[in-house]
Amino acid sequence: MKTKKIIICSISMLMLSLAITSCKKSFVEITPKGIIPVNTFYNTEIDIKSALTGAYSSLRPIYNEQYGFGELPSDNAQTYGESEVLYGEQDKLTWTAVSTNLQNAWARFYATIAYSNIVLDHVNTPVMTAANRNGYIGQAKFIRALMYFNLVRMYGGVPLVLNEITSETQAYTYNRTSDQEVYAQIEKDLTEAAAVLPASYSGADIGRATSIAANALLGKVLMFQKKFTQAEPVLAGVAATVGTLLPYDQVFGFGKDNNKDIIFAVQYLGGGFGEGNTFARSFVPQPSGTTITAVTGNSNNSGTKDLYDTFEPGDNRLNTAIGVYSAGTLVYYYAKKFVYQSVGANSEGDNDWPILRYADVVLLYAEALNENGKTPEALTQLNLVRTRSNLAPKLGLSQTDTRTTIYHERRVELCFEGERWFDLNRWGIMVTTMQAHKTNYPSVNGQIGNIVSTLALYPIPNRERQLNPKLTQNPGY
């Protein structure tokens with residue numbers, strides 16, 4: 001294999017020399033950070049696997065901070081103290097087109113897409129079995145679809161890059177594509193991925209994208225477009241395949257990664273390899289010092305009293321999901337579900353980040369049924385989540401009341417997992433929900449900016465528009 005570095009580019013051709021890292025405990029051995037060959041040297045199956053490894057590995061920094069876009073702007077989470085320097089804009093809804101966090105997110109998404117495109121553009125060159133080739137194609141399309149799903153939810157219509165970019169001139173030819181076209185490509189990628197991927201893996205391959213993951217994400221993508229009729233059978237199929245929900249305290253905790261409820265997760269590995277997460281350091285309240293874990297927290301993603309109070313009495317998810325730390329008269333809430341005692345002084349956590357969970361699918365399925373006028377069937381699915389959480393089932397509700405209950409269940413079940421902000425926006429209730437949150441908790445929310453509908457989309461980063469003036473800006477920025 002040649003040893004030239006490959007240059008992975010964001011759509012603006014912001015040059016990113018990305019190194020290969022492993023995808024952890026499961027399907028790739030821990031290897032030193034290295035290099036992969038330029039496009040003309042993809043002549044072996046190992047080269048293709050290296051590029052696919054790069055795609056998986058590049059998910060780690062994305063989801064190590066994705067809560068900043070899916071939770072912090074919502075009524076679920078907030079920042080404290082020094083962490084406001086890093087994430088205050090997300091917490092206070094005051095981000096702008098020059099926000100560094102938004103630029104970094106954009107570049108990381110497109111870098112991961114670039115890895116996927118390399119696989120897809122070159123996978124037919126080397127000699128390999130048809131099964132292996134289909135597996136690489138399916139996984140690359142799944143990862144590309146996941147990245148475009150993040151992009152379209154955050155920015156709306158974006159440049160749709162489906163092949164390897166080999167020159168700066170080529171990069172500047174891309175305009176923004178409509179959100180409908182982006183969603184159509186996501187659906188195409190996931191449908192094709194589901195058709196060739198296996199339903200499960202064993203041994204060292206556990207953790208790779210499966211056909212179940214592709215269908216689960218496809219169902220979610222359809223729900224975000226309000227395609228309830230199309231989403232229902234897709235989600236029903238996933239629900240029938242997975243079967244039953246695990247108790248909540250068996251989903252989260254040390255050594256519980258890749259369990260039955262986890263359909264797809266970003267794989268991390270602690271121990272000083274540079275493969276771990278920083279969830280403990282990010283989520284633990286700063287005033288707690290090392291009383292919760294071996295690392296002092298930054299309070300980047302602290303829970304709100306609003307979230308804590310919304311759990312119903314007797315909901316056994318509360319003690320697993322949210323930790324409480326008191327310092328004098330101050331009370332701090334934190335994402336206990338992602339904070340384990342096993343984190344060492346090097347701050348690297350071993351636990352994975354769930355992107356798709358079975359409970360998420362069940363609640364989406366309930367929502368699709370309800371929106372399709374099948375409220376009794378929707379309540380059956382909803383109550384699977386409630387009864388496993390030690391809550392009484394909901395019976396005989398109207399479609400409107402069932403909808404409200406589903407909104408509540410998604411909030412508490414998926415808290416801190418990067419879903420709340422996107423759910424509020426797809427439901428069209430972001431403005432009213434956040435205005436109420438700001439009014440009801442003025443002591444901590446007084447600095448929240450004007451809550452307007454245009455916040456539903458983040459701005460196209462200024463740097464991208466400077467490098468490619470063809471990119472138009474979102475309204476409100």
Side-chain angles (χ1 to χ4, degrees), residues 7-19 57-74 77-115 147-159 161 168 171 174 176 266 274 277-279 281-283 286 297-302 347 353 416 418 420-422 425 447-452 454-469 471-477:
I7 301 300
I8 304 295
C9 309
S10 79
I11 190 58
S12 66
M13 293 304 291
L14 175 65
M15 295 302 193
L16 300 174
S17 279
L18 295 185
S57 297
S58 64
L59 297 177
R60 291 200 194 99
I62 290 172
Y63 287 93
N64 201 50
E65 299 180 0
Q66 188 66 6
Y67 59 83
F69 309 108
E71 291 290 332
L72 271 182
S74 78
Q78 59 193 328
T79 60
Y80 285 107
E82 294 177 7
S83 66
E84 293 191 21
V85 175
L86 293 174
Y87 295 103
E89 291 177 331
Q90 276 73 45
D91 181 24
K92 306 305 181 188
L93 279 65
T94 56
W95 54 77
T96 68
V98 297
S99 296
T100 301
N101 291 340
L102 292 173
Q103 170 60 45
N104 290 343
W106 176 285
R108 285 169 177 166
F109 294 148
Y110 273 108
T112 305
I113 289 168
Y115 271 124
M147 292 300 97
Y148 275 120
F149 188 44
N150 285 338
L151 281 161
V152 75
R153 289 187 299 172
M154 287 178 61
Y155 303 101
V158 293
V161 184
E168 194 166 346
Y174 286 92
R176 293 183 68 178
V266 178
N277 64 59
T278 59
F279 300 150
R281 189 179 69 207
S282 296
F283 300 164
Q286 195 170 44
N298 293 337
S299 304
N300 288 351
N301 185 28
S302 297
S347 300
W353 183 268
F416 300 117
R420 178 63 173 171
W421 179 251
F422 299 120
N425 284 308
Q447 297 179 39
I448 289 181
N450 292 329
I451 301 168
V452 293
T454 51
L455 291 172
L457 291 179
Y458 291 105
I460 304 300
N462 245 21
R463 177 173 173 77
E464 301 301 319
R465 298 187 65 234
Q466 290 172 350
L467 292 169
N468 183 0
L471 300 179
T472 59
Q473 187 55 277
N474 285 327
Y477 301 100

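The residues of the chain are indexed from 1 along the displayed sequence. Bear in mind the structure is a predicted one, so any value in this text is a computation, not a measurement.
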Out of curiosity, [X] [atom1] to [Y] [atom2], how far, rounded to the nearest 0.5 Å?
X	Y	atom1	atom2	answer
Asn468	Tyr174	CG	OH	11.0 Å
Gln103	Ile460	CD	CD1	10.5 Å
Trp353	Glu65	CH2	CD	11.5 Å
Thr100	Arg463	OG1	CZ	11.0 Å

TODO: Would you please test Arg176 and Asn474 for side-chain contact (heavy atoms from CB on, under 4.5 Å) and show each step?
DONE: CA-CA 11 Å; Arg176 293 183 68 178; Asn474 285 327; 2.8 Å; yes
Would you name the heavy atoms of [X] and [Y] that are closest together and state the gap between them?
X	Y	answer
Thr112	Ser58	OG1-OG, 2.8 Å
Gly68	Pro73	O-CD, 3.6 Å
Leu93	Leu455	CD2-CD1, 3.8 Å
Arg465	Leu471	NE-O, 2.8 Å

Output yes when a side-chain donor or acceptor of [X] lies under 3.5 Å from a complementary backbone atom of [Y], and no otherwise.
X	Y	result
Asn425	Leu457	no
Ser282	Asn300	no
Asp91	Thr79	yes
Arg108	Ile62	no

Open item on the list: Once you measure the plane-to-plane angle for Tyr458 and Phe69, does it fall in the parallel (<30°), tilted (30-60°) or perpendicular (>60°) bin?
Closed with: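 Tyr458 vs Phe69 ring planes: perpendicular.
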Open item on the list: Please verify the inter-ring angle class for Tyr155 with Trp106; under 30° counts as parallel, over 60° as perpendicular, anything in between as tilted.
Closed with: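 If you compare the ring of Tyr155 with that of Trp106, the planes turn out perpendicular.
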- [ ] Could you verify whether a donor N or O on one side chain and an acceptor N or O on the other, from Glu71 and Asn301, lie under 3.5 Å apart?
- [x]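 Judged by distance alone, the side chains do not pair up.
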TODO: Would you kindly say whether Arg153 and Asn150 are connected by a side-chain donor-acceptor distance under 3.5 Å?
DONE: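 Looking only at side-chain atoms, Asn150 and Arg153 do form a donor-acceptor pair, the distance falling under 3.5 Å.
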Open item on the list: Among residues at least two apart in sequence or on other chains, which ones pass salt bridge (Lys or Arg N to Asp or Glu O under 4.0 Å) with Glu89?
Closed with: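 Here no residue qualifies.
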Open item on the list: Run the side-chain contact (heavy atoms from CB on, under 4.5 Å) test against Pro459 and tell me which residues pass, sequence neighbours left out.
Closed with: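 Only Trp95, Ala97, Leu102, Gln473, Tyr477 meet the side-chain contact (heavy atoms from CB on, under 4.5 Å) criterion with Pro459.
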- [ ] Could you list the residues that satisfy side-chain contact (heavy atoms from CB on, under 4.5 Å) with Asn64, not counting sequence neighbours?
- [x]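 Testing Asn64 for side-chain contact (heavy atoms from CB on, under 4.5 Å), a comparison that skips the adjacent residues, returns Tyr268, Asn277, Thr278, Phe279.
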Is there a side-chain contact between [X] and [Y] (heavy atoms, below 4.5 Å)?
X	Y	result
Leu59	Met147	yes
Val158	Val152	no
Phe422	Met154	yes

Task: Stepwise ring-ring contact (aromatic ring centres under 6.0 Å, His included) test for Phe283 and Phe416 - done: CA-CA 10 Å; Phe283 300 164; Phe416 300 117; 7.2 Å; no
